[in-house]
Amino acid sequence: MLSTSRCQRALMPDAHKPLTLVLKNDLGEIDSIWATLERVLEEYYLSRKDMFQINLAVEELFTNIVSYAFEDKGPHDIFVNIYVERRKFLVVELMDDGIPFNPADHQDPDMSKPLSQRDEGGLGIHFCKKMMAEFFYERNGKQNKVTFKKRIRKPGFFEKFFSCRRSHGN
Amino acid sequence: MEIKENMDGNIHVFELSGRLDSRTSPEFDEKLFKAMEQGASHFIIDFQSLEYISSAGLRVLNKAHKKLKHSDGKIMMCNMVDYIKEVFEIAGFDTFLPIVPDRQAARNSFN
């Protein structure tokens, strides 16, 4: 299995120096995404629920990219940036060079219909919209960029973040 | 991901542990549909040790729910941690796929 993700910074980064993962378009990368997120997020007292929802959003978006973004089926790099913004949000950005696709515009599943009559797609994007404070898309040249922000409520998160930065001389 | 299967009377029980994601859900899909092909129609899915589920896992359950509608079958889910239960609620699955607190309640619903 491919294991090409690289963790460039061990500490929770800020907007100027995000933690960047470089992933291949292969579902096998999900294990390394999870391992990295768990290690990074655990240091900052995030609740199990916040960690779960961030992990879920990343997996859903990554799986969509791997499954639908590339028409040539060849190898592509997918970039994931993680950083903290204004002491309020954990921000995750996913970037790919696939066909243009705006998930923020994607129609939500019709909840009024019985389960058996609903379209199967779109559920993952629906989760991202419901669970994240912000969720948006940009097309930059040939690149898709999806950003989501999770509001961090857990007491102690930012105290820990800033004491770590001091103790590491940042 | 670990999937344990056992029988509780005529109820086919799946005990899931670890992570049910887009990489591991095909294995669950395969086992669930194999059980249905062999005639099982009453299922309990025990989420006690499941840490994580994504839409890929929910799709397997939706697919099984659709198939069972034609055969009077039923899936009961139990022992769900609150944040996983919330995923089923956000997906609007909880009104069609019943979630009960524990195995006893799941078992009783088949009587």
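Below, read A as the first sequence line, B as the second, and so on, with proteins coming before strands; counting in each chain starts at 1.
Put simply, the side chain of Glu51(B) does not reach to within 4.5 Å of the side chain of Asn55(A), judged on heavy atoms. Looking at heavy atoms from C-beta onward, Tyr83(B) lies out of side-chain contact with Leu56(A) at the 4.5 angstrom threshold.
Taken from CD1 in Ile30(A) to OG in Ser54(B), the straight-line distance is 7.0 Å, to the nearest 0.5 Å. The CG atom of Asp21(B) sits 7.5 Å away from the OG1 atom of Thr63(A) when rounded to the nearest 0.5 Å.
Under the 4.5 Å side-chain heavy-atom criterion for Ile, Leu, Val, Met, Phe, Trp and Tyr, Ile99(B) and Met76(B) are members of distinct hydrophobic clusters. Under the 4.5 Å side-chain contact rule for hydrophobic residues, Leu32(B) and Ile44(B) do not share a cluster. Trp34(A) and Met51(A) sit in two unconnected hydrophobic clusters of ILVMFWY residues. Membership requires side-chain heavy atoms under 4.5 Å apart, directly or through other members. Under a hydrophobic clustering in which Ile, Leu, Val, Met, Phe, Trp and Tyr are joined whenever their side-chain heavy atoms come within less than 4.5 Å, directly or via other members, Val13(B) and Phe110(B) fall into the same cluster.
At least one donor-acceptor pair closer than 3.5 Å links the side chain of Glu59(A) to the backbone N or O of Ser22(B). The main-chain N or O of Ser55(B) is found under 3.5 Å from a side-chain atom of Glu60(A) such that the two form a donor-acceptor pair.
Lys49(A) has a carboxylate O that lies under 4.0 Å from a charged side-chain N of Glu86(B), or vice versa, which qualifies the two as a salt bridge. The pair Arg23(B)-Asp31(A) meets the salt-bridge criterion, since a charged nitrogen lies less than 4.0 angstrom from a carboxylate oxygen.
Counted within 6.0 Å of NZ on Lys130(A), heavy atoms from surrounding residues, nucleotides or ligands total 12 or fewer; the atom is thus considered open. Atom OH of Tyr68(A) sits in a sparse spot, with 12 or fewer heavy atoms from other residues, nucleotides or ligands closer than 6.0 Å. Atom CD of Gln104(B) is surrounded by more than 12 heavy atoms from other residues, nucleotides or ligands within 6.0 Å. Heavy-atom contacts from other residues, nucleotides or ligands closer than 6.0 Å to CD of Glu5(B) number more than 12. For Asp72(B), the CG atom sits in a loose shell: 12 or fewer heavy atoms of surrounding residues, nucleotides or ligands are nearer than 6.0 Å.
Contact of Val81(B) with chain A is not made at all, since no heavy-atom distance falls under 4.5 Å. Residue Lys113(A) touches chain B through its backbone alone, counting heavy-atom pairs closer than 4.5 Å.
Contact between Ile90(B) and His126(A) at its shortest, heavy atoms only, is O-NE2, 3.1 Å.
Note on ring orientation: taking the six-membered ring where Trp is involved, the planes of Tyr52(B) and Phe52(A) are perpendicular (angle over 60°, cut-offs 30° and 60°).
Taking chain A as the reference chain and counting heavy-atom pairs below 4.5 Å, the highest number among Thr95(B), Ile84(B), Leu97(B), Asn62(B) is found for Asn62(B).
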